[in-house]
Amino acid sequence: MSGFKLAIDGPAGSGKSTISSQIAKKLNWIHIDTGAMYRAVTLKAIELGVDLEDEKAYQFLESVKVHYQANKIYLDDRDVTEDIRSDAVTQNVSLVSSFPYVRQKLVQLQKQAALEGNIVMDGRDIGTVVIPHADVKIFLTATLEERAKRRQKENAQKGKTSQLEKVIKDLSVRDQKDSTRKESPLIMAEDAIIIDTSYLTIEEVVDKIIEVTRKKERNHGD
Ligand code: DC
């Protein structure tokens with residue numbers, strides 16, 4: 001394994017993807033959004049019309065390529081970056097990502113992708129399962145209400161009106177599913193640094209993580 005590995009985990013709406021993408025841009029590193037990969041598998045399963053509850057239905061992963069590159073997610077060579085944000089995908093992705101077969105397949109791809117270069121990878125199990133030897137592990141949190149407000153704002157920017165109560169409910173259902181599933185649930189790595197982003201701007205969080213990373217890089221050099 002060569003290069004610096006930065007693992008960023010946290011619940012839905014904690015700002016992981018936006019923050020990771022900005023860090024990667026500033027440092028000129030590679031960013032991999034693993035949530036987008038689980039979403040792409042969910043989208044494919046919906047499109048194929050398979051029984052989403054049946055783990056065997058995901059055998060299509062033997063032949064369909066899921067690939068994250070330069071802020072875009074691909075199913076084979078098709079760019080599905082927009083399509084993976086649909087309500088249908090969001091509502092089913094926790095179920096799809098709970099299947100051991102799906103996780104094994106994607107974790108294998110993620111481990112492979114993390115091998116070379118300076119990497120920022122974000123998800124739920126990066127510091128615990130995908131890159132347990134990451135140089136820096138960050139766990140982002142924020143209150144449920146704050147995360148819901150951010151999601152509501154994102155929806156509004158896309159022209160979609162949503163009730164705060166409904167967003168809070170959806171997020172808490174997803175939190176519950178993601179943290180109680182059997183296969184690599186959302187848990188914090190023992191050596192992770194916790195950052196509560198509730199009252200911080202994106203820039204403040206980005207700067208904080210870059211500062212921690214730089215410090216660690218300097219210590220490496222000693
Ligand atoms: O970060 P996100 O909301 O786009 O992630 C979508 C779903 O994928 C999330 O509900 C849980 C799952 N996921 C996962 O199980 N493991 C990861 N490393 C990343 C995401």
Side-chain angles (χ1 to χ4, degrees), residues 5-22 24 31-46 52 55 58 61 66-68 71-73 75 80-114 119-132 134 137-142 144 146-148 150-155 158 162 167-189 192 197 202:
K5 314 298 168 197
L6 172 55
I8 303 189
D9 290 301
S14 58
K16 287 182 316 282
S17 303
T18 313
I19 287 161
S20 305
S21 151
Q22 291 202 9
H31 170 221
I32 299 164
D33 174 350
T34 62
M37 297 172 78
Y38 287 97
R39 283 173 179 273
V41 175
T42 308
L43 174 70
K44 185 72 190 180
I46 293 171
L52 296 181
E55 186 168 3
Y58 299 90
L61 280 173
V66 180
H67 183 59
Y68 189 86
N71 287 325
K72 292 202 184 302
I73 178 85
L75 273 173
V80 292
T81 311
E82 298 276 314
D83 298 352
I84 61 159
R85 301 288 155 196
S86 72
D87 285 345
V89 170
T90 303
Q91 274 154 22
N92 289 294
V93 66
S94 284
L95 167 70
V96 175
S97 63
S98 70
F99 293 119
Y101 172 76
V102 172
R103 299 206 72 82
Q104 275 161 23
K105 281 279 163 201
L106 292 193
V107 166
Q108 195 182 359
L109 288 177
Q110 291 155 8
K111 280 182 181 278
Q112 195 78 32
I119 309 279
V120 188
M121 193 177 274
D122 77 274
R124 304 290 192 290
D125 57 347
I126 310 306
T128 50
V129 176
V130 181
I131 334 179
K137 298 179 188 178
I138 304 285
F139 194 90
L140 296 181
T141 61
L144 181 58
E146 185 53 38
R147 291 189 283 126
R150 291 177 189 166
R151 202 35 59 92
Q152 192 187 32
K153 205 164 142 193
E154 267 170 34
N155 289 344
K158 290 182 208 151
S162 45
V167 185
I168 288 179
K169 181 144 186 290
D170 290 350
L171 275 182
S172 65
V173 168
R174 204 137 72 88
D175 281 355
Q176 168 76 8
K177 285 188 190 157
D178 291 345
S179 33
T180 54
R181 67 167 176 242
K182 280 209 198 96
E183 185 93 359
S184 45
L186 168 69
I187 41 163
M188 201 178 62
T197 70
I202 287 170

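FYI, side chains are in, hydrogens and waters are out, and symmetry mates aren't considered; it's all heavy atoms of this structure. Ligands are counted one by one from 1 in listed order, and the atoms in each one are counted from 1 as well.
- No N or O atom of Tyr38 sits closer than 3.5 Å to an N or O atom of ligand 1.
- Residue contacts with ligand 1 for Gln110 are absent, since no atom lies close enough (heavy atoms, distance under 4.0 Å).
- When every heavy atom of Tyr58 is checked against every heavy atom of Leu52, the shortest pair comes out as OH-O, 2.6 Å.
- Here the shortest heavy-atom pairing between Ala12 and Leu171 reads CB-CD2, 3.6 Å.
- In terms of N/O distances under 3.5 Å, ligand 1 is not approached by Asp122.
- Assignment of Arg103 to the shell around ligand 1 is supported, since a heavy atom sits closer than 4.0 Å.
- Taking all atoms of both residues into account, the shortest heavy-atom contact from Pro132 to Lys111 is CD-NZ, 4.4 Å.
- The atoms of ligand 1 that sit less than 4.0 Å from any heavy atom of Ser94 are 10 (O).
- For ligand 1, the atoms closer than 4.0 angstrom to any heavy atom of Val93 are 6 (C), 7 (C), 8 (O), 10 (O).
- Atoms of ligand 1 found under 4.0 Å from any heavy atom of Asp178, numbered from 1 in the order shown, are 9 (C), 10 (O), 11 (C).
- Only the side chain of Arg181 comes within 4.0 Å of ligand 1, judged by heavy-atom distances.
- Contact check on Asp33 versus Lys16 returns no salt bridge, with no Lys/Arg side-chain nitrogen under 4.0 Å from an Asp/Glu carboxylate oxygen.
- Each of the atoms 1 (O) of ligand 1 lies under 4.0 Å from some heavy atom of Lys16.
- Atoms of ligand 1 lying under 4.0 Å from any heavy atom of Ser97, numbered from 1 in the order shown and given with element: 11 (C), 12 (C), 15 (O).
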